[in-house]
2 protein chains.
Amino acid sequence: MSTDVDTAPAVGDSERRRRTRERLMDAAFDVFAEAGVHTASVEAICERAGFSRGAFYSNFESKEELFFALSDREVDKTLARATDIAREVFPASAPNGEDVAEVVRTMIQFVRGEANWHRIVAEYRLLAMRSGDVATRYLDFTRRLNERVGDMLETITLGAGLRFVGDIRLISRTLIALSSAITEEQMLGGQSTDGRETEGDPLDFEAIVAYVHLVTEPAID
Amino acid sequence: MSTDVDTAPAVGDSERRRRTRERLMDAAFDVFAEAGVHTASVEAICERAGFSRGAFYSNFESKEELFFALSDREVDKTLARATDIAREVFPASAPNGEDVAEVVRTMIQFVRGEANWHRIVAEYRLLAMRSGDVATRYLDFTRRLNERVGDMLETITLGAGLRFVGDIRLISRTLIALSSAITEEQMLGGQSTDGRETEGDPLDFEAIVAYVHLVTEPAID
DNA sequence: CGTATCCGATACATGAATGTATTCGATACA
DNA sequence: TGTATCGAATACATTCATGTATCGGATACG
């Protein structure tokens with residue numbers, strides 16, 4: 001009997017299907033960011049995407065599978081964008097010290113841009129803390145991002161006639177950790193419901209530039 | 001009619017009641033850490049605490065209220081412990097450069113200790129990203145922790161005949177961000193389910209000590 | 001010793017989200 | 001034009017957590 005072992009099992013892969021999945025992921029991005037993965041219902045995602053739950057379960061096994069498909073997509077997008085920014089910025093850099101500050105500022109703007117992406121990453125990290133499998137994926141993401149940023153920094157800095165004092169990976173790591181922390185504070189402070197603004201002391205981005213200057217020195221060449 | 005406007009409304013505050021609340025919070029700490037605030041059911045918390053849901057709703061209005069009561073308690077505990085550690089460490093510091101490394105190491109051990117507390121904080125942060133009220137509380141916590149660590153660093157460093165180059169708050173902030181990032185990576189790497197260990201490159205704690213040396217210099221006095 | 005109060009247990013009603021089984025419609029293909 | 005296939009919609013059954021209302025027991029107090 002023709003059980004079609006390898007033609008039937010895999011579900012279709014038509015263009016229509018692909019678009020549906022994309023729309024569901026687009027919707028999920030917003031809904032997850034707003035409500036969180038657990039709070040968000042499949043229903044809510046479908047509603048925003050303009051589909052029914054039938055469509056959802058025809059395309060994804062569960063909400064979790066959707067989340068991981070989504071994170072993969074966004075991680076790729078993010079890394080691609082980081083690369084684009086690097087390509088866009090470093091040919092323009094006339095080799096002088098000021099450019100480093102500029103590059104760092106660009107990088108931070110990039111990190112800072114999307115609050116929703118920050119929420120997604122924060123949730124990704126939280127899930128990773130509870131599941132080894134997720135942790136593997138998450139660490140892979142952060143590792144790739146670190147490398148990308150490290151390369152970027154190194155290239156720029158060399159172009160500017162500077163070099164880093166110490167381990168470049170540690171430095172890029174520090175920069176990412178620091179700018180994330182600051183971005184986070186600004187994000188959290190900005191939305192404070194009650195009257196008073198973030199009067200505390202939102203450490204300025206300039207402080208990061210100061211750090212960069214601290215860990216760079218003229219390349220003797 | 002004696003409506004007892006200000007004697008009746010407040011629910012009891014007996015010793016028994018206080019103990020019940022504590023036990024519920026103890027249980028919630030574990031359950032929240034393991035499963036997450038949303039996934040964890042009131043039922044699960046009660047079961048671990050050895051109570052029924054009746055007891056729960058007699059003591060807390062909702063799971064969220066419990067979470068906030070719990071975070072307050074833990075934040076206080078954490079800050080108190082930070083203070084204790086500071087008190088414990090700095091009288092012992094014979095003023096030499098090595099002590100700084102030792103202190104940083106102690107600080108990191110402290111941060112590192114409890115994976116569950118990390119999970120709780122991560123969730124706290126995530127909730128803060130979606131609610132201005134929570135954000136206010138969370139920022140207050142991080143601000144206090146920063147101050148505490150900053151004071152600690154400053155005292156120790158002075159005692160060791162060193163001084164920080166640059167803004168001490170930025171430095172303590174950087175240290176916290178960095179050690180959190182590293183702790184996180186170790187935590188995530190450690191639990192990876194599949195065979196391979198965290199072979200990647202777990203930036204060593206020593207690297208942080210290197211950073212401290214980078215931002216300190218002998219106090220000319 | 002009896003009674004009242006406080007606190008936790010039990011039982012129940014409700015609402016919400018999930019996943020599946022089935023149906024309907026459109027598009028490709030003969 | 002008829003038919004088969006694929007993908008999304010609909011309807012349904014089920015599970016699960018919540019919150020409340022009521023009950024029972026213990027302890028304190030007269």
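Treat the numbers as computed from the prediction; the structure is a model and nothing was measured. Convention: sequence-line order gives letters A, B, ...; per-chain numbering from 1.
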Should A:S41 be listed as having a side-chain N or O under 4.0 Å from OP1 or OP2 of C:dA16?
no

Step by step, would you call B:E123 with B:R119 a salt bridge (Lys or Arg N to Asp or Glu O under 4.0 Å)?
CA-CA 6 Å; B:E123 190 130 34; B:R119 294 191 178 97; over 6 Å; no

Does B:R125 have any salt bridge (charged side-chain N to carboxylate O under 4.0 Å, His left out) partners at least two apart in sequence or in another chain, and if so, which?
A:E184

Answer yes or no: does a side-chain N or O of B:N59 lie under 4.0 Å from OP1 or OP2 of C:dC7?
no

Any side-chain N or O of A:T20 under 4.0 Å from OP1/OP2 of D:dA8?
yes

Only residue of A:L66, A:L70, A:V42 satisfying side-chain contact (heavy atoms from CB on, under 4.5 Å) with A:F60 is A:L66

A:F51 has its side chain closest, among C:dT18, D:dA8, D:dT18, to D:dA8

Length of the CG-P vector between B:L66 and D:dT18, whole Å
11 Å

Tabulate atom names and distances for all N/O pairs under 3.5 angstrom spanning the protein and nucleotides 24-30 of chain C.
none

Report the nucleotide, chosen from C:dG19, D:dT18, D:dA8, that has the shortest atom-to-atom distance to any side-chain atom of A:S58.
D:dA8

Expressed in angstrom and rounded to an integer, what is the separation of A:E47 atom CD from D:dA9 atom C1'?
15 Å

With A:E64 via side chain to side chain donor-acceptor pair (under 3.5 Å) - residues at least two apart
none

Using whole Å, what does the distance between atom C1' of nucleotide D:dG19 and atom CD of B:E65 come to?
14 Å

Do B:S71 and B:E74 come within less than 4.5 Å of each other through their side chains, counting heavy atoms only?
no

Which base sits across from C:dA30 as a Watson-Crick or G-U pair, both distances under 3.5 Å?
D:dT1

If you check the B:R53 side chain, which of D:dA9, D:dG7, D:dG19 turns out closest?
D:dG19

Got a sec, which residues hit side chain to side chain donor-acceptor pair (under 3.5 Å) with A:E114, two or more places apart in sequence or on another chain?
A:R81

Measure CZ/A:F60 against P/C:dG19 and give the value in whole Å, please.
14 Å

Rounded to whole Å, please give me the gap between CD in A:E64 and P in C:dA17.
15 Å

Against the side chain of A:S52, the closest entry in C:dT18, D:dA8, C:dA9 is D:dA8

Winner on side-chain proximity to B:Y57, out of D:dG19, D:dA8, C:dG19, is D:dG19

What's the closest nucleotide to the B:S14 side chain, out of D:dG19, C:dG19, C:dC7?
C:dC7

Taking for A:H38 and for A:G54 the nucleotide of DNA chain C with the nearest heavy atom, the one nearer the 5' end belongs to A:H38

Test of understanding: with salt bridge (charged side-chain N to carboxylate O under 4.0 Å, His left out), list the residues that count as partners of A:D76, not counting sequence neighbours.
A:R144

Under the side chain to side chain donor-acceptor pair (under 3.5 Å) rule, what pairs show up with a residue in residues 23-45 of chain B, not counting sequence neighbours?
A:H38-B:T39, A:T39-B:H38, B:D26-B:R73, B:E34-B:R48

Starting at CD of B:E43 and ending at C1' of D:dA17, how long is that distance when rounded to a whole Å?
9 Å

In whole angstroms, how far is the C1' atom of D:dA9 from the CD1 atom of A:I45?
18 Å

Would you classify B:F56 as touching base, sugar-phosphate or nothing, given that sugar-phosphate means primed atoms plus P, OP1 and OP2, and contacts are heavy atoms under 4.0 Å?
nothing

Can you check the B:R23 CZ to C:dC7 P distance for me, whole Å?
15 Å

